[in-house]
Every structure is written in C-alpha cells, then in structure tokens.
Amino acid sequence: MTDRAPQLVSRMREFGETIFAEMSALAVATASINLGQGFPDTDGPAEVADAAVAAIRAGHNQYPPGPGIPELRIAIADHQRHWYGIEIDPDTEVLVTAGATEAIAAALLALCEPGDDVVTFEPYYDSYAACIALAGARRRVVQLRTPDYAFDPDELERAITPRTRVLLLNSPHNPTGKVFSRGELEMIAQLCVDHDLVAVTDDVYEHLVFEGEHIPLSTLPGMRDRTLTISSGGKTFSFTGWKVGWVCGPAELVTAVRTVKQFLTYVNAAPFQHAIAVGLGLDDGYFHRLNADLREKRDRLRGGLAAAGFTVLPSAGTYFLTVDIRPLGERDGLAFCRSLPERCGVVAVPNVVFYDDREAGLPLVRFACCKRVEVIDEAVTRLKGLAR
Ligand code: PMP
Ligand code: GLN
C-alpha cells in the first residue's frame with residue numbers, strides 16, 4: 001500500500017485495503033461462495049424494508065437532524081430499557097451515526113489525544129486499529145488466547161498505562177464469537193473504575209448470542225457514567241448496507257462524540273433511520289427468530305467445517321466461526337485464504353490480519369455462517385474436497 005500511495009500519512013501506512021474488500025472482490029472475480037465478509041445473503045424483515053420505501057415516498061429525503069431523527073432516538077432508548085433495563089434520555093444521551101463504524105471512529109477521535117493509549121483485545125476488528133491510528137493514539141492489545149479465548153487479568157492490568165484513556169471492548173466478539181462472561185466484564189469494569197478509563201463498547205452483535213447472555217458493560221457498578229455503548233441496525237435487521245448506527249452514554253461523552261461526528265458525515269441515511277426505528281419496535285419474537293435462525297446456521301456450518309477436517313474453535317455468538325487449519329496440513333491462513341477460491345471456490349477471512357501477534361493468528365481462518373443453508377451446505381461440500 002505504501003508503494004501505491006506514497007503520499008499517505010505515516011500513521012496510516014500499516015493499513016492497506018481491508019481484508020473484507022479484498023476477499024469479497026476475490027469472491028466476485030472467481031465466482032466463489034463468499035463466507036468471508038459478514039453479510040447475510042437474504043434481506044431483513046419486510047415491514048422494515050417497507051418502512052424505508054414508505055419513508056422515501058413520504059419525502060424523508062433531506063438532511064435529518066444532526067443527532068438523528070427523534071423517532072429513532074426514542075426507539076433506541078426504548079430498546080435499551082426493554083432489553084437491558086437501561087434508562088437513557090433520547091435527547092441528550094443518544095446519537096445516531098453512519099453505522100457503528102462511524103460511532104467507533106468519532107468516539108476514538110473525540111476521546112484520545114495524540115500519544116494516548118487505547119487498550120483493546122486481540123484479535124480485534126480491523127477498524128479499531130485504523131481509528132486508533134487516525135487519532136494519533138497507540139493500541140495496547142491483550143490477547144484472547146485459544147482454545148477458549150480467555151485473557152489473563154494481569155496482562156490486562158499491565159496493558160493499562162498512565163496514558164490510557166479508553167478501553168475498547170467488543171462483545172459478542174468479531175472474529176472469535178466470544179461472549180464475555182459476567183465475571184470477565186466485572187473484572188474489566190473494575191479496572192476502568194480504578195484507572196479512570198472511558199469504556200467504549202461495540203455491541204453490534206448484541207442479539208446474536210447463542211450461549212451465555214449479552215451484558216452491556218454500562219450496567220455494571222461504576223460504569224454508567226464512563227461507558228459509550230455502540231450498536232447498529234446492520235446485523236440486528238440484516239440490512240448491513242443501510243449503515244444506521246448509534247452510540248448511547250452520558251450526555252458529556254455523547255456530546256464529545258457528536259462534536260467530531262458532525263464533521264465526519266454530519267448526518268446520513270434519513271429514510272433508513274425511519275425504517276430502523278420501526279425495526280427496533282418489532283416484538284420480541286422477531287429478535288428470537290433471528291437468533292434461532294443464526295444459531296441453526298452456525299451449528300450447520302460448525303458441523304460441516306469439522307467434517308471437512310478443521311479444528312473448529314468455540315463461538316458463542318456473532319456471524320462467525322474460526323477454525324484452525326493445521327489439521328489439513330496448512331499453517332499460513334493468509335496464503336490459505338488467497339488460494340482457497342482457486343482450490344475449491346470458497347472465500348474465507350484470515351484471522352492473522354486482526355492480530356499484532358502474527359504468530360498466534362497465522363493458522364486461524366474465519367468463516368461467516370450468515371448465509372442460506374443451501375449455500376452453507378454447498379460450501380461445506382467444496383471444503384470437504386480439500387482433504388482428499
Ligand atoms: N463492529 C464490529 C465488531 C463489526 O463486525 C462490524 C461489521 N459490521 C462493525 C462494527 C461495523 O458496523 P456497521 O456496519 O454498523 O458500521
Ligand atoms: N463486519 C464485517 C465483517 O467482519 C465487515 C464489514 C466491512 O467490510 N467493513 O466481516
């Protein structure tokens with residue numbers, strides 16, 4: 001990338017094209033089954049799609065208000081109360097963003113001075129590293145160790161320095177599928193309180209927990225006033241291209257994020273904001289069916305990957321399953337993923353790109369299960385050919 005873009009600022013030099021763009025382009029170019037980038041291959045609920053069409057027809061096509069339309073901010077506050085018992089003021093404690101991606105970027109840019117530290121877990125979602133770098137901050141990572149993705153509490157404490165401003169947490173976690181337990185979250189919360197850190201939590205997979213439960217970090221003692229909770233409609237309503245996200249938290253922190261956000265996109269997705277407000281108001285049955293559907297797909301893909309000879313690591317949530325490719329005589333996940341389309345017409349994502357400790361990530365590969373069952377089955381049939 002550096003060669004291709006010599007003018008690129010030094011703090012962005014380590015970043016090339018995202019792995020998702022690279023692998024989705026490879027899937028299209030080779031007509032492969034794309035189990036790489038996490039997006040569903042079916043649309044979300046018809047009533048939500050209809051609400052978007054109706055909003056366009058009703059003329060909701062100009063700039064929405066900076067913080068997001070009131071209907072959506074109220075729906076987000078209602079959702080937090082209904083699912084987690086969290087009370088937030090939709091006027092001052094909710095900000096609508098261009099997906100969770102913008103919320104993460106705006107939060108890090110708003111909270112970090114150049115030279116500050118951000119603590120997060122590896123493997124980490126790729127935009128975290130890029131946004132920390134954009135802010136001129138430094139990432140300090142604590143590894144979620146295979147096979148169970150536990151972390152060492154002492155290592156976490158040691159990662160916190162006097163320059164640490166933010167702890168960035170993602171649960172359910174991409175790419176591992178780890179759902180942080182209450183005990184782990186309590187440990188993290190205590191460290192945030194002891195070291196006076198702001199927690200930024202990325203909860204985009206909040207409704208895709210198959211074992212355990214989603215516990216918002218903000219609900220733990222001492223955390224309400226120091227946590228920014230980020231989510232989006234992408235996964236919950238299977239409309240990843242709409243890019244309607246949000247961030248909730250105490251007014252001062254949300255104001256800080258809004259100050260930055262207004263100069264990134266200013267606003268976005270006016271008609272889709274109306275539709276996501278409708279989605280958040282759907283009855284519980286919708287959310288349970290979404291969860292049951294994805295769980296079944298996860299189970300189906302998990303069985304298939306195991307039958308194809310991979311060691312499948314535990315995943316308790318999200319769209320994703322990670323495998324260890326070594327039982328197939330492979331060791332380099334990046335080379336494996338780049339050759340997979342040609343070898344068998346399937347695309348996956350190499351987890352090594354989510355690690356600073358490249359050794360640890362090298363043999364790990366992520367497959368997305370958010371696809372129709374016949375697509376999963378066909379991918380598995382193709383992958384079974386690898387062992388022969
Ligand atoms: N965080 C995580 C962990 C993700 O997997 C994704 C992928 N969608 C995002 C954030 C980005 O969400 P959005 O599409 O709402 O920007
Ligand atoms: N969140 C999606 C994934 O992890 C990718 C979104 C993107 O391409 N930035 O696969």
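Atoms within a ligand are numbered from 1 in the order they appear, just like the ligands themselves. Reckoned from all heavy atoms, side chains included, excluding hydrogens, waters and symmetry mates.
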>> Taking 4.0 angstrom as the limit and counting only heavy atoms of Asn174, give me the atoms of ligand 1 inside it, by number and element.
In response: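 Listed by number with element: 3 (C), 4 (C), 5 (O).
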> Got an N/O contact under 3.5 Å between Val204 and ligand 1?
Replying inline: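 By distance alone, the answer is no.
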> Relative to ligand 2, is Phe320 under 4.0 angstrom through side chain, backbone, both or neither, heavy atoms considered?
Replying inline: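 Only the side chain of Phe320 comes within reach of ligand 2.
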> What do we get for Asn174 next to ligand 2 when only non-hydrogen atoms under 4.0 Å count, side chain, backbone, both or neither?
Replying inline: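 Within the 4.0 Å criterion, Asn174 contacts ligand 2 through side-chain atoms alone.
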Identity and distance of the protein heavy atom lying nearest [atom]:
atom: atom 2 (C) of ligand 2; answer: Gly38 N, 4.0 Å
atom: atom 1 (N) of ligand 2; answer: Tyr125 OH, 3.4 Å
atom: atom 8 (O) of ligand 2; answer: Gln37 NE2, 2.7 Å

>> For Trp83 and His79, take the angle between the two ring planes, folded into 0 to 90°, and tell me which bin it lands in: parallel under 30, tilted 30 to 60, perpendicular over 60.
In response: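 It falls in the tilted class, 30° to 60°.
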> What is the ring orientation for Phe237 with Tyr286, classed by angle as parallel under 30°, tilted 30 to 60°, or perpendicular over 60°?
Replying inline: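 Judged by the thresholds at 30° and 60°, the geometry between Phe237 and Tyr286 is parallel.
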>> Looking at Glu211, I'd like to know if its CD atom is crowded, meaning that more than 12 non-hydrogen atoms belonging to other residues, nucleotides or ligands lie closer than 6.0 Å.
In response: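 For Glu211, atom CD is crowded (more than 12 foreign heavy atoms under 6.0 Å).
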> Is the charged tip of Lys371 near the ring of Phe39: under 6.0 Å from the six-membered ring centre and within 45° of its axis?
Replying inline: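 Because its charged atom sits under 6.0 Å from the ring centre and within 45° of the axis, Lys371 does stack over Phe39.
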> Within less than 4.0 angstrom of ligand 1, does Lys235 place any heavy atom?
Replying inline: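 Yes; Lys235 lies near enough to ligand 1 that a heavy-atom distance drops under 4.0 Å.
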>> Just to check, does Met23 reach to within less than 4.0 Å of ligand 2 when the distance is taken from its heavy atoms?
In response: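 Not so, Met23 does not reach ligand 2.
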> Ignoring hydrogens and geometry, is there a side-chain-to-backbone donor-acceptor pair from Asp43 to Ser238 under 3.5 Å?
Replying inline: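 Not confirmed, Asp43 side chain does not pair with Ser238 backbone.
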> Looking at Lys235, which atoms of ligand 2 are within less than 4.0 Å of one of its heavy atoms?
Replying inline: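 Those qualifying, in numeric order: 1 (N).
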